[in-house]
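Got a structure here, written out as structure tokens. Questions coming.
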Amino acid sequence: MSADEDENAAELKIGEEFLKAKCLMNCEVALILDRRLEQLQQMSDDPTNQMSQVFEKSHQYVKRFSRYKNQDAVKQVREILSRNKLAEFELCVLGNLCPETVEEAIAMVPSLKMEDDHMLLDMDPLTNMVQLSSSECSC
Amino acid sequence: MVFLDIEINETVIIPPSELNPSSLLLRKAIILRLLNYISRKKASEEHGYYVAVRTLNTVGDGEVNGLTGDVHFPVSFNCATTKPYKGEILIGTIDRVRRQGIFLISGPIQNIFLSEKTMKDYQFNNIEEPVFVSANGQSKFEKGGNVRFRILGVKWIESDREFQVLGTIAGDFLGPV
């Protein structure tokens, strides 16, 4: 497991192929898994036993912790967050955890510390998101 | 937890009984086999937990295995996966409370341990049911509660095909939510 010494999410060292991959936020995954569930129920001859444990647990988790229930809110959030120069990974962590202050955001995503000039810009999108989440949130 | 959508290349093996001149049925057989294979595989050390296959990108030309008659199709597809990383901040649900610490579940990760050594401000209490209570009695860890924690270490267990995670709540904004 030599990769473990180098991998550290706090410093955004997570392996090259993951940096290039597209990241999905909890709410996006909730929509994807809902659609898959519908497809499975329509398509299978044996509906009782098509879902693996991983699928089921992830579905429960994502439904519980997704902040925005409808698709437009999700698209807006992604758009707001992408206006800053964030890596995909950081974007998703912020979208999932919805920090309310700059300090909380830096605590959640320590790699943000390296871009302090952009910290002032980050505050506005964050407050927008918090407003969006409180109006849409129904958990 | 961050879900990643990555492209994976695998080989799907189709036994001769499912080979059919109609290419549609063949495609269906390949897709079903792939879904079955991924759901049995559950997780891997390299990619993490396989949550859901999203799209099938390409199916290559099949290679016939002379001995058994099976055909091997190289397949490329996109899959949503999730992998726990050191330093990541997650929210978990408390599953078991013990004297030495608490066990959490977060999404597909069933095996997360928070040692009581990282919870110095909390006392273990076993009156009606085991809980950890803070010194001022304001917050506590009990079964079913949610905890925000940071991952200290991750280990891949080959025999169970899952990850074992060690966590801590030492840090700002961490602890019960």
Side-chain angles (χ1 to χ4, degrees), chain A residues 1 3-15 17-26 28-29 32-33 35-37 40 43-44 50-62 64-65 88-93 95-97 99-101 103-111, chain B residues 1-8 28 31-32 35-43 45-55 78-93 105-110 146 148 150-156 158 161-162 171-174 177:
Chain A
M1 292 239 252
D4 262 10
E5 284 86 71
D6 297 321
E7 278 185 7
N8 193 332
E11 294 152 34
L12 217 49
K13 285 194 232 160
I14 52 175
E17 53 178 73
F18 290 106
L19 279 177
K20 286 185 277 177
K22 174 164 186 205
C23 288
L24 303 165
M25 291 192 283
N26 284 355
E28 292 167 335
V29 179
I32 294 175
L33 294 186
R35 241 178 283 152
R36 267 312 296 282
L37 206 54
L40 273 175
M43 160 174 116
S44 78
Q50 282 292 352
M51 289 199 301
S52 68
Q53 256 233 340
V54 170
F55 184 92
E56 181 141 6
K57 294 269 153 171
S58 311
H59 196 207
Q60 281 175 6
Y61 174 85
V62 151
R64 194 162 174 191
F65 294 117
E88 281 262 3
F89 193 78
E90 294 169 334
L91 193 150
C92 277
V93 176
N96 285 342
L97 297 172
E100 291 176 17
T101 63
E103 287 84 23
E104 200 176 340
I106 302 190
M108 299 291 121
V109 190
S111 44
Chain B
M1 156 155 9
V2 181
F3 291 86
L4 299 168
D5 187 37
I6 46 183
E7 186 166 341
I8 309 179
K28 176 179 170 190
I31 293 177
L32 282 180
L35 290 178
N36 224 328
Y37 173 70
I38 293 293
S39 81
R40 260 179 302 134
K41 198 165 169 192
K42 204 159 89 161
E45 186 177 1
E46 187 193 344
H47 297 131
Y49 291 89
Y50 299 109
V51 177
V53 174
R54 302 220 306 126
T55 58
N78 269 23
C79 187
T81 60
T82 180
K83 184 175 174 187
Y85 283 104
K86 190 163 85 167
E88 206 181 339
I89 311 248
L90 297 185
I91 305 187
T93 318
I105 294 185
S106 174
I109 314 174
Q110 314 266 57
N146 287 343
R148 222 190 230 178
R150 179 183 301 124
I151 298 186
L152 273 182
V154 176
K155 194 159 132 187
W156 166 248
E158 180 64 44
R161 292 207 75 92
E162 60 178 20
D172 296 328
F173 302 107
L174 300 179
V177 285

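The chains referred to below are lettered A, B, ... by the order of the sequence lines, with proteins before strands, and numbering in each begins at 1. No hydrogens, no waters, no symmetry mates; every other heavy atom, side chains included, goes into these values.
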To the nearest 0.5 Å, what is the distance between CZ (A:R36) and CG (B:L35)?
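CG of B:L35 is found 5.5 Å from CZ of A:R36.
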Please give me the minimum heavy-atom distance between A:V54 and B:V51, naming the atom from each residue.
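Where A:V54 meets B:V51 most closely, the heavy atoms are CG1-CA, 4.2 Å.
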Among the options B:V53, B:T82, B:I38, B:L174, pick out the one with the most heavy-atom pairs lying under 4.5 Å from chain A.
B:V53
If every non-hydrogen atom of B:A52 is compared with every non-hydrogen atom of A:F55, which pair is closest and at what distance?
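Shortest heavy-atom separation between B:A52 and A:F55 comes out as CB-CE1, 4.2 Å.
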Which answer fits B:Q110, side chain, backbone, both or neither, if we ask what part of it has an atom under 4.5 Å from a heavy atom of chain A?
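Contact with chain A is through the side chain of B:Q110 alone.
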Side chain proximity check, B:F3 to A:I32, heavy atoms < 4.5 angstrom:
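In short, these two side chains do not touch, never coming nearer than 4.5 Å.
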Only counting residues at least two apart or in another chain, list the ones meeting side-chain contact (heavy atoms from CB on, under 4.5 Å) with B:N146.
A:R64, A:F65, B:I91, B:T93, B:V177
Checking heavy atoms, do the side chain of B:L32, its backbone, both or neither come under 4.5 Å from chain A?
side chain
Per-residue contact mode, B:R40 against chain A (heavy atom under 4.5 angstrom)
neither
Which residues share a ring pair (Phe, Tyr, Trp, His ring centres under 6.0 Å) with B:Y49, sequence neighbours left out:
B:F163
